[in-house]
Amino acid sequence: MRTSQFLISTLKESPSDAVVISHQLMLRAGMIRKVASGLYNWLPLGLRALRKVERVVREEMDAAGAQEVLMPTVQPAELWEETGRWYQYGGELMRIKDRHNRDFCIGPTHEEVITDLARNELSSYKQLPINLYQIQTKFRDETRPRFGVMRSREFIMKDAYSFHANQESLQETYERMHAAYSNIFSRLGLDFRPVAADTGSIGGAMSHEFHVLADSGEDDIAFSNQSDFAANVELAEAVAPTEARPAASSALETIDTPEQHSIEEVSDFLKIDNKQIIKTLIVEGFISDDDKEAGKKPNLVALVLRGDHELNELKAEKLEGISNPLVFAKEEDIQQQLGCKPGSIGPCNLNIDVIVDRSAAIVADFVCGANVDGKHLTGTNWERDAQITRIEDLRNVVEGDASPDGKGTLEIKRGIEVGHIFQLGTKYSEALKATVLDENGKAKTMTMGCYGIGVTRVVAAAIEQNFDDRGIIWPEAIAPFQVSIVQIDANKSEEVVKRSEALYNALTDLGVEVLLDDRDKKTSPGVKFADAELMGMPHRIVFSSRGLKKGIVEYKARKDSKDDAIEMPADDILNFIKEKLNK
RNA sequence: CGGAGCGUAGCGCAGCCUGGUAGCGCACUUGCAUGGGGUGCAAGGGGUCGUGGGUUCAAAUCCCCCCGUUCCGACCA
C-alpha cells in the first residue's frame, strides 16, 4: 500500500475527551473516529489491526475444534422472555420495536440465540460435544462508555458456546479453550494472565478471565511471583497467617480520642502504626423474606479487620448469617443498638456476633473503638477483653501476602479484561429446553460453556501495553503493516524511487504488508518519520538520495530506542528484512 | 442514577466577567522557495458561536428550558 493512496488521518493534537493512552493514540494515528458516545468508525489503519486480531482468534478457535457461525445482531424478545432475561436485564439491553410494533433487542450477548439454534439442530448425544463461535458486533448500552473502544457501547466480540452431554465433556472443552486463549494472547504478543474469576450470580461453575496487564486496567489482579497462580483481587484468598498471636503485654486502658473516627485519624492522633489498630464495621445480618415482610429488623453483625486492611464485600456477603448482597448498618440502628456512632465502635462487650478476619485475630495489645463516642481502648487483647464469635477470611489481599497456592508472595497489578471463559451448566439449556436423546433414548438437557474475547478491546489493550512518547509500537502480529518504507528526496532522485519501489514490490510479492511513504514533495521527511512512528509499524526502512550515493539504506525497528538506526548496503536490505520476518 | 465541568471552523483553544453579530494555532487549497525530524514566505477557503425561548436598540457574551458531551462516583460485567 502506498501512502499516496491510503487514508492517513494523523493528528498532532489529541481530542480533549481522550484520557487513556490507547484512546489518544488510536485517534491520533487515525485508527478510529467517534461517531457518538460509545460508537466509533474504524478507519482503514485501525481496521487492519482489528482484522489481524480476528485472524489470530479465528485460527486458534478453528485449531481448537470450534466451528464458526454467524448470528444476527437483532434478536427477538421472545427468546429473552423464555430465559427471563428480558425482565432481568437493565438499561444495558437496547430494546427496539419493528414496524409491526414487535419487541426486539440488539444483542449484548448470544446465549439465547445459540441455545435456540442448538435445540433445533441437535437431537442426539452423538452430535456432542460441539463448540460454535462467531466474531460479531454486540451492543451494550453502557451507563458510562469511556476510554474509546476499551469500553464502548458497540463492540466486536468473539463469542463461543459449547454443548455437552455431561460435565466431564464440558470440563475437557473448557480446558481446551483455556489453552486456546493462552495461545491467542501469546501469539498477539501481549503480557497477560489467566485469572480465577468470580462466578457471580450463577454460582458454583468455574470461570476464568484473561487480563492484559496495564496500568489503565479497570480490575486489580493478584498473582504469585513464583507460580502461575493468579486471581481477581475480589476472589483471592487471604490465607491464614502462620504466626501465633503474641501474648498480651499491656493493660486495657480507655483514652479520649475526641473527633477521631477513621483509622488514619486515630493512627495520626496516637502516633501508632495502623496495623495495631482494629476496625469494626457493622453490617446487617441475614433476614428471611417472611421476617422482612413482617417488619422485623435484621440482626447486626460486627466485621473486624486490621486497620490497614480493606473489607472484601464479596467474601463477607457469602458468609452464613450475613445479608447478601451486603448491607452496611444504618447509623441510627448502630446508635440505637450499640450506643455510639460508627467511628467509635470496637469489638469489646458487643452483644452481637463478632466475625474477625484471620489477620486481625492475631494482633495483640491493639487499639479499637470503646463503643463510647470520642473514646478508644488501648492495650486491648482478644479473649481477655473481647470475644471472637468466628474467624473468617474477610479482607482483600494486599501486595506481599502469601500466595494461596503456597508458592511465593502476591503481587497486584491492574488488568484489562480481554477474555472470559465460563462453565454455564444448564442455566440456558434448561430455560430453553435444549435437550438431546442420550444412550437410553431419554431426553437430556445439554450442559453448556461460553467463551468470549473482546476483539476491539484487544486492539486498545495492545496499545496500552506498547507505546512510547512518539506513538504506538505494534506487536508484530497486530501491526496494520509490518514494514514502512520512507522515501526521501523522491522528486529529485530517480534512484530513490527505483530502489524503494523494487523493495516494495519484492516484499509485497512475499506477502509482507508494506506501507510505502511516497507522498509528494510537500511532505517533509520529518512528517513522514513522525507519521511512521505514530502509526507504529515494527520495521522502518529509509531510502534517500544522500544514502544511496553511498549505496546504503537505513533500517530501524520501532521498538528500539530512538536514534539508533542502522545503515547497510542497499543490496542487502531485502535479505535482512526477510530474515527479520522469517520469510 | 448522584455530583461537577464543557459545548465558538475538521482538531486544540481564546473571546463571555465589563453586550456593539468572531479570532489564534494546527489541518486544508494555491503559488514560490526549501528538501534528513511535524520547513519558510505569501495569498485563500471554511463558523446561522449546540437547540429553543427571554431581557435589550443590539446577545457568542446576561437569564431560563432542553439537548449533547466529558470527568468523578454508584450501577453493570
Side-chain angles (χ1 to χ4, degrees), chain A residues 7-20 23-24 27-30 33-39 41 43 85 88-94 108-109 111 138-148 150-153 155 157 159 197-202 207 209-211 217-219 232 234-235 313-314 325 328 415-422 450 452-454 457 469-471 486-493 496 517 519-535 540-550 552-554 556 562-563 565 567:
Chain A
L7 181 59
I8 303 257
S9 295
T10 53
L11 259 34
K12 276 189 195 168
E13 293 168 296
S14 66
S16 54
D17 52 11
V19 295
V20 296
H23 189 195
Q24 292 171 1
L27 288 166
R28 288 227 288 133
R33 287 290 183 263
K34 187 169 78 167
V35 176
S37 178
L39 304 175
N41 283 326
L43 307 189
R85 288 210 287 183
Q88 288 161 17
Y89 240 92
E92 222 172 281
L93 182 66
M94 183 88 154
T109 176
E111 281 85 4
K138 305 275 188 245
F139 191 95
R140 292 182 189 170
D141 197 1
E142 294 277 351
T143 41
R144 206 180 137 204
R146 64 190 124 166
F147 304 157
M150 284 254 273
R151 184 174 286 274
S152 52
R153 293 195 290 180
F155 58 98
M157 186 166 164
D159 48 327
D198 181 32
T199 49
S201 51
I202 296 170
S207 173
E209 291 170 351
F210 285 74
H211 283 262
E218 295 184 87
D219 297 283
N232 204 308
E234 290 183 336
L235 206 69
E313 298 191 23
L314 272 179
F328 283 94
I416 301 166
E417 183 188 339
V418 289
H420 199 162
I421 59 176
F422 215 108
C450 77
I453 290 180
R457 186 181 276 186
D469 56 356
R470 294 183 175 186
V486 177
Q487 291 180 339
I488 291 175
D489 292 340
N491 59 315
K492 283 204 307 207
S493 163
V496 167
D517 202 338
R519 278 179 289 180
D520 66 20
K521 60 179 183 172
K522 290 223 67 161
T523 308
S524 73
V527 170
K528 293 185 177 184
F529 292 144
D531 277 348
E533 280 154 350
L534 178 57
M535 294 190 283
R540 187 188 76 190
I541 300 152
V542 179
F543 284 85
S544 69
S545 58
R546 203 175 73 187
L548 287 178
K549 274 181 197 143
K550 291 184 283 178
I552 53 174
V553 295
E554 240 170 67
K556 184 177 175 306
K562 283 173 187 167
D563 300 308
E567 298 187 333

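Note on naming: letters A, B, ... go to the chains in the order of the sequence lines (proteins, then strands), and numbering restarts at 1 for each one. Heavy-atom basis, side chains included; hydrogens, waters and symmetry copies ignored.
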Checklist line | Sequence-aligned protein contact record of nucleotides 23-29 of chain B, with B where the base is within under 4.0 Å of a protein heavy atom and S where only the sugar-phosphate is | finding: --BSS--
Check: Mapping F543(A) and E417(A) to their closest nucleotides on RNA chain B, which lands nearer the 5' end?
Finding: F543(A)
Next item on the list: Return the minimal non-hydrogen interatomic distance between L534(A) and L11(A), and the atom names on each side.
Entry: CD2-O, 4.1 Å
Checklist line | Interatomic distance where CD belongs to E142(A) and C1' belongs to U69(B) [whole Å] | finding: 17 Å
Next item on the list: Scan R85(A) against the nucleic acid and name what it touches under 4.0 Å (heavy atoms): base, sugar-phosphate only, or nothing.
Entry: nothing
Item checked: Listed partners of R28(A) passing side-chain hydrogen bond (donor to acceptor under 3.5 Å, both in side chains), at least two apart -> none
Check: S545(A) near the nucleic acid: base, sugar-phosphate alone, or nothing, with a heavy-atom cut-off under 4.0 Å?
Finding: nothing
Check: Who is the Watson-Crick or G-U wobble partner of C6(B), with both distances under 3.5 Å?
Finding: G68(B)
Checklist line | Residues forming a side-chain hydrogen bond (donor to acceptor under 3.5 Å, both in side chains) with T109(A), sequence neighbours excluded | finding: E111(A)
Next item on the list: Measure from the side-chain heavy atoms of K34(A) and tell me the nearest of G38(B), C76(B), U70(B).
Entry: U70(B)
Note to self: Partner lookup for C13(B), please. Criteria are Watson-Crick or G-U wobble with both distances under 3.5 angstrom; report none if nothing qualifies.
What the structure shows: G23(B)
Check: Taking a pair as Watson-Crick or G-U wobble with both distances under 3.5 Å, which nucleotide is matched to G40(B)?
Finding: C32(B)
Note to self: Using the ring pair (Phe, Tyr, Trp, His ring centres under 6.0 Å) criterion, which residues pair with Y89(A)? Sequence neighbours excluded.
What the structure shows: W80(A)
Check: Hey, which of these two, E92(A) or D520(A), hits RNA chain B nearer its 5' end, going by closest nucleotide?
Finding: D520(A)
Checklist line | Candidates C75(B), G38(B), G35(B) - which lies nearest the side chain of R146(A) | finding: C75(B)
Check: Say you pick atom P in G45(B) and the same atom in G12(B); how far apart are they, in whole Å?
Finding: 24 Å
Check: With a 3.5 Å cut-off and just heavy-atom distances, do the side chain of E533(A) and the base of G37(B) make a donor-acceptor pair?
Finding: yes
Check: Say you pick atom C1' in G44(B) and the same atom in G5(B); how far apart are they, in whole Å?
Finding: 37 Å
Next item on the list: Compare side-chain N and O positions of K522(A) against OP1 and OP2 of A33(B) and report whether any pair is under 4.0 Å apart.
Entry: no
Next item on the list: Please list, chain by chain and in numerical order, all residues satisfying side-chain hydrogen bond (donor to acceptor under 3.5 Å, both in side chains) with E92(A), sequence neighbours excluded.
Entry: none
Item checked: Side chain of T143(A) (C-beta onward), nearest among G38(B), U69(B), C75(B) -> C75(B)
Next item on the list: Check salt bridge (Lys or Arg N to Asp or Glu O under 4.0 Å) between D141(A) and all other residues, then give those that pass, not counting sequence neighbours.
Entry: R153(A)
Next item on the list: Compare side-chain N and O positions of S16(A) against OP1 and OP2 of G12(B) and report whether any pair is under 4.0 Å apart.
Entry: yes
Item checked: Closest approach of A29(A) to M535(A) (non-hydrogen atoms, all atoms of both residues) -> O-CG, 4.0 Å
Note to self: What is the distance, to the nearest angstrom, from the CG atom on L11(A) to the P atom on A9(B)?
What the structure shows: 15 Å
Next item on the list: Counting Watson-Crick and G-U wobble pairs only, both distances under 3.5 Å, name the nucleotide matched with A74(B), or none.
Entry: none
Item checked: Length of the CD-P vector between E218(A) and C71(B), whole Å -> 11 Å
